[in-house]
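Working notes for the structure below.
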Number of protein chains: 2
Amino acid sequence: MSTREQLITSTRELLWERGYVGTSPKAVLQRAGVGQGSMYHHFSGKRDLALAAIRRTAEELRAKAEEQFTATGTALERISAYLQRERDVLKGCPVGRLTQDPDVMADPALRAPVDETFDWLRHRLAAVLKEGRDDGELNAAMNPAETASMVVAVLQGGYVLARAAHSTEPFQHAVAGVLGLLACQATTPSQ
Amino acid sequence: MSTREQLITSTRELLWERGYVGTSPKAVLQRAGVGQGSMYHHFSGKRDLALAAIRRTAEELRAKAEEQFTATGTALERISAYLQRERDVLKGCPVGRLTQDPDVMADPALRAPVDETFDWLRHRLAAVLKEGRDDGELNAAMNPAETASMVVAVLQGGYVLARAAHSTEPFQHAVAGVLGLLACQATTPSQ
DNA sequence: GTCTATATGTCGATAGAC
DNA sequence: GTCTATCGACATATAGAC
């Protein structure tokens, strides 16, 4: 991996673990195993490096989610697969985490990838839900946009509860809870 | 307000806005309008002051939630009132926010009030849901513990989405979405 | 391109005057 | 109790050698 890529990788890890405010250039350099000069050669500074890291993380998250959404199966099956896919629950969401960083939220360029990721996620999930509704799989009264926002919120909130408890249980419960309610929206029994 | 109380108040505000890592003693003192000596007289340091602030914030959150849970009305009405009560959505949850702070999560004493708050919230909501189920108001198949975790997760995740979008809309959608699904659990039509 | 040396400010805490 | 002075360490960036 090139020095530039190594710097981006280390920054992504540290942003996930400690956030923007809690991540120093020094810590990035130590983890990447390069000197200070390399960083200021490839990037103009901490902000510029974080921008590259955040964009990369957002791209990857979207690509991974799209895999679940375009898989085979009913709308409910795909959403269930998305919610239940393997996740590092106690580490939380590398994108959602950034919303708690005041310096990231205050900077339009740093916030943009975060905003776009959740906007995309909500619309993508709403499309899957609408598909299910139009196919007669889901209750006609179900509101796709609202339900999609709720599904994304359950994931993000599930991470919060899991971290607070130092346990994945609340996350699993929240996911099971939403899947239970969604199953009631199925016009044909899911079993 | 006493100097000690003023310090706790300023710390609570800054922890909410900037988190533990992003809050310096200097910033607390400036906001409180006191000198450095006052802080180290009343508290042993940043951690000790944060501990007092976090405990106070957790207490207040529980007291405010309990108001909604013990109000009059059906289980669904009380949960709906809790979800739709006035909130500073874009500021997020002052307790949930702390779960993204690595130094808070790594310190058992600082994490305890956060853990206890969400644990209490989930159990308290589960009790209200169970009550509604046992009274025949809600579907007998509804799992109170899972549904309670889901409701808390929707709130916490709603904050994340709202902050990412710089708009309360995703939060409102998520709440509307969960209320829509919960209404389907009512054994008698809610209208 | 990558390194080390250096600069300037802030962090978190201590010392001691009043 | 509250203040200012001071401390060693670290944050972020620049300079300049190789």
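Since we're looking at a predicted model, the values are computed, not measured. What you see below is based on every heavy atom in this structure, not just the backbone, and it leaves out hydrogens, waters and symmetry mates. Below, chain A is the first sequence line, B the second, and so on; all start at residue 1.
For the pair A:Ser24 and D:dC10, the criterion of a side-chain N or O lying under 4.0 Å from OP1 or OP2 is not met. Remark: B:Thr3 is not in phosphate contact with D:dG1, judged by side-chain N or O atoms under 4.0 Å from OP1 or OP2.
Closest to the side chain of B:His42, out of D:dT4, C:dG1, D:dG1, is D:dG1. Comparing C:dT2, C:dT14, D:dT12 against the side chain of B:Tyr40 picks out C:dT14 as the nearest. If you check C:dG1, C:dC3, C:dG12 against the side chain of A:Val34, the one that comes closest is C:dC3. In this structure, the nucleotide among D:dT6, D:dT12, D:dT2 sitting nearest to the side chain of A:Lys46 is D:dT12. When distances run from any side-chain atom of A:Lys26 to the nucleotides C:dA13, D:dG1, D:dA11, the shortest one goes to D:dA11.
Between A:Leu29 atom CG and D:dA13 atom P the separation is 11 Å, expressed in whole Å. Straight-line distance from the CD atom of A:Gln30 to the C1' atom of C:dC3: 15 Å, rounded to whole Å. Atom CZ of A:Arg18 and atom P of D:dA11 are 9 Å apart (whole Å). To the nearest angstrom, C1' of D:dA11 lies 15 Å from CG of A:Leu49. Taking atom CG of A:Asp103 as the reference point, atom P of D:dA11 lies 15 Å away to the nearest angstrom. The CG-C1' distance, from B:Asp48 to C:dT14, rounds to 16 Å in whole Å. At whole-Å resolution of the value, CD in A:Gln36 and C1' in D:dC18 are 17 Å apart. Atom CZ in A:Phe43 sits about 18 Å away from atom C1' in D:dT14, given to the nearest Å.
In terms of modelled atom types and a separation under 3.5 Å, the side chain of A:Gln6 and the main chain of A:Thr3 share no donor-acceptor contact.
A donor atom on one side chain and an acceptor atom on the other are found under 3.5 Å apart for B:Tyr159 and B:Arg87. Between A:Ser80 and A:Gln84, the side chains place a donor N or O and an acceptor N or O closer than 3.5 Å (distance only, hydrogens not considered).
Counting non-hydrogen atoms under 4.0 angstrom, A:Thr23 reaches the backbone sugars and phosphates but no base. Base engagement by B:Gly37 is indicated by at least one non-hydrogen atom pair under 4.0 Å involving a base atom.
The pair B:Glu67-B:Arg85 does not count as a salt bridge, with every side-chain nitrogen at least 4.0 angstrom from each carboxylate oxygen.
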- prompt: For A:Cys93 and A:Leu61, what are the C-alpha separation, side-chain angles and deciding distance, and is it a side-chain contact (heavy atoms from CB on, under 4.5 Å)?
  reply: CA-CA 9 Å; A:Cys93 173; A:Leu61 187 146; 3.9 Å; yes
